[in-house]
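Every number for a ligand or one of its atoms is a count from 1 in the order of the listing.
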Amino acid sequence: MDRTAVNLGGVAIGSSVMNASGPRSAERGELYELCAVHTGPLVFKSCNAAGLAEPENLKNKGVEHFAAIARELGPRGKILVASVIGASDGELVSVARMLDRAGVNIIELNLADDYVQRALAPFASIERLGSVIRPVREATAAVLAVKLPQKGLSIEPRRMAELMKSLGVAILVCANDLPKDLDIDIASATVAGEPRALSQVHAFDREAAGMLDIVAVGGVNTGRDAYIAHLTGAKAIQVGSALIKEGAGALGRIDRELDALLAENGKRSVSEIIGAVRFSG
Ligand SMILES: Cc1cc2nc3c(=O)[nH]c(=O)nc-3n(C[C@H](O)[C@H](O)[C@H](O)COP(=O)(O)O)c2cc1C
């Protein structure tokens with residue numbers, strides 16, 4: 001849908017809707033299916049060097065499996081996002097380098113998962129975060145994204161955004177952890193009450209707008225959810241659980257619903273609503 005096309009971290013993407021890393025994105029057949037049914041970017045499940053049999057949520061066949069698929073799909077013009085994990089700084093670099101050489105457009109460092117946090121403690125300090133990300137940046141040419149943990153960050157959003165920008169990170173993947181009872185009028189993009197950060201996405205948008213692009217992940221099941229995530233600052237959104245429940249078709253459905261809502265509200269492009277939320281108080 002033309003209305004949902006957007007530029008993410010300097011990469012033109014056909015739809016702001018994409019799959020989240022993990023659900024239906026580990027196996028070759030799953031990735032080809034997602035690729036066939038949707039024009040947005042294709043996000044690979046997180047991978048490490050040799051693959052993992054556990055923990056269950058990070059089970060993967062290793063980087064060569066994904067690099068081979070990237071070498072097949074990249075030349076067809078598919079925008080590819082590869083998610084990287086590792087148990088050492090060096091593993092992160094070597095996995096990222098292999099995926100970069102295989103031609104992926106965006107490398108998403110998954111610093112959100114407990115496995116990576118326990119092994120690397122990337123958020124222990126600003127210096128530590130720099131020492132994790134800098135070698136990946138130096139070893140790769142792809143656009144760099146970082147997936148943040150939803151909780152427990154001691155580095156303030158503005159400081160984090162400045163640091164990420166200085167490290168050459170273009171995209172932050174943030175939690176779309178909006179309150180369940182959010183009182184929002186979509187037509188006027190107005191939330192009841194005093195100005196406040198509504199979610200991690202929104203907190204980073206308030207502090208980092210202009211420095212980085214933000215991708216929202218979590219709880220996006222409908223076009224309305226996607227619309228609200230965009231209003232609160234997301235340039236693009238990722239869909240996880242809805243894919244598990246509904247299958248690959250969830251992406252196209254959410255894209256069509258988002259497109260219809262944009263049309264209903266007189267918007268020609270999703271870019272017109274990104275970060276547009278206002279407060280009544
Ligand atoms: C079965 C499953 C596997 C996942 N695997 C990964 C993964 O490999 N890498 C990652 O960054 N996130 C992974 N996630 C987290 C999702 O990318 C996403 O952040 C989370 O599901 C929240 O989005 P949702 O509310 O749309 O499900 C996984 C989630 C699920 C349910």
Tabulation required: pairs of a nitrogen or oxygen in ligand 1 and a protein nitrogen or oxygen under 3.5 Å; columns are atom names and distance to 0.1 Å; otherwise 'none'.
{"unit_1": "ligand 1", "atom_1": "5 (N)", "unit_2": "K45", "atom_2": "NZ", "d": "3.0"}
{"unit_1": "ligand 1", "atom_1": "5 (N)", "unit_2": "N57", "atom_2": "O", "d": "3.3"}
{"unit_1": "ligand 1", "atom_1": "8 (O)", "unit_2": "K45", "atom_2": "NZ", "d": "2.9"}
{"unit_1": "ligand 1", "atom_1": "8 (O)", "unit_2": "S46", "atom_2": "N", "d": "3.4"}
{"unit_1": "ligand 1", "atom_1": "8 (O)", "unit_2": "S46", "atom_2": "OG", "d": "3.4"}
{"unit_1": "ligand 1", "atom_1": "9 (N)", "unit_2": "S21", "atom_2": "OG", "d": "3.2"}
{"unit_1": "ligand 1", "atom_1": "9 (N)", "unit_2": "S46", "atom_2": "OG", "d": "2.7"}
{"unit_1": "ligand 1", "atom_1": "9 (N)", "unit_2": "N110", "atom_2": "ND2", "d": "3.4"}
{"unit_1": "ligand 1", "atom_1": "11 (O)", "unit_2": "N110", "atom_2": "ND2", "d": "3.0"}
{"unit_1": "ligand 1", "atom_1": "11 (O)", "unit_2": "K147", "atom_2": "NZ", "d": "3.0"}
{"unit_1": "ligand 1", "atom_1": "12 (N)", "unit_2": "S21", "atom_2": "O", "d": "3.2"}
{"unit_1": "ligand 1", "atom_1": "12 (N)", "unit_2": "K147", "atom_2": "NZ", "d": "3.0"}
{"unit_1": "ligand 1", "atom_1": "14 (N)", "unit_2": "S21", "atom_2": "O", "d": "3.3"}
{"unit_1": "ligand 1", "atom_1": "17 (O)", "unit_2": "S21", "atom_2": "O", "d": "2.7"}
{"unit_1": "ligand 1", "atom_1": "17 (O)", "unit_2": "K147", "atom_2": "NZ", "d": "2.9"}
{"unit_1": "ligand 1", "atom_1": "19 (O)", "unit_2": "K147", "atom_2": "NZ", "d": "3.0"}
{"unit_1": "ligand 1", "atom_1": "25 (O)", "unit_2": "G219", "atom_2": "N", "d": "2.7"}
{"unit_1": "ligand 1", "atom_1": "26 (O)", "unit_2": "G240", "atom_2": "N", "d": "2.9"}
{"unit_1": "ligand 1", "atom_1": "26 (O)", "unit_2": "S241", "atom_2": "N", "d": "3.3"}
{"unit_1": "ligand 1", "atom_1": "27 (O)", "unit_2": "S241", "atom_2": "N", "d": "2.8"}
{"unit_1": "ligand 1", "atom_1": "27 (O)", "unit_2": "S241", "atom_2": "OG", "d": "2.4"}

Is there a donor-acceptor pair closer than 3.5 Å between any side-chain N or O of [X] and the backbone N or O of [Y]?
{"X": "S21", "Y": "F44", "result": "yes"}
{"X": "N265", "Y": "K267", "result": "no"}
{"X": "K235", "Y": "I274", "result": "no"}
{"X": "K45", "Y": "A82", "result": "no"}

Note: K61-E27 ion pair, threshold 4.0 Å (strictly below):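 Here K61 pairs with E27 in a salt bridge, since their nearest N and O are under 4.0 Å apart.
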Residue that, paired with M164, satisfies side chain to side chain contact (heavy atoms under 4.5 Å, CB included) out of I155, L172, L144: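 One option only clears the test, and that one is L172.
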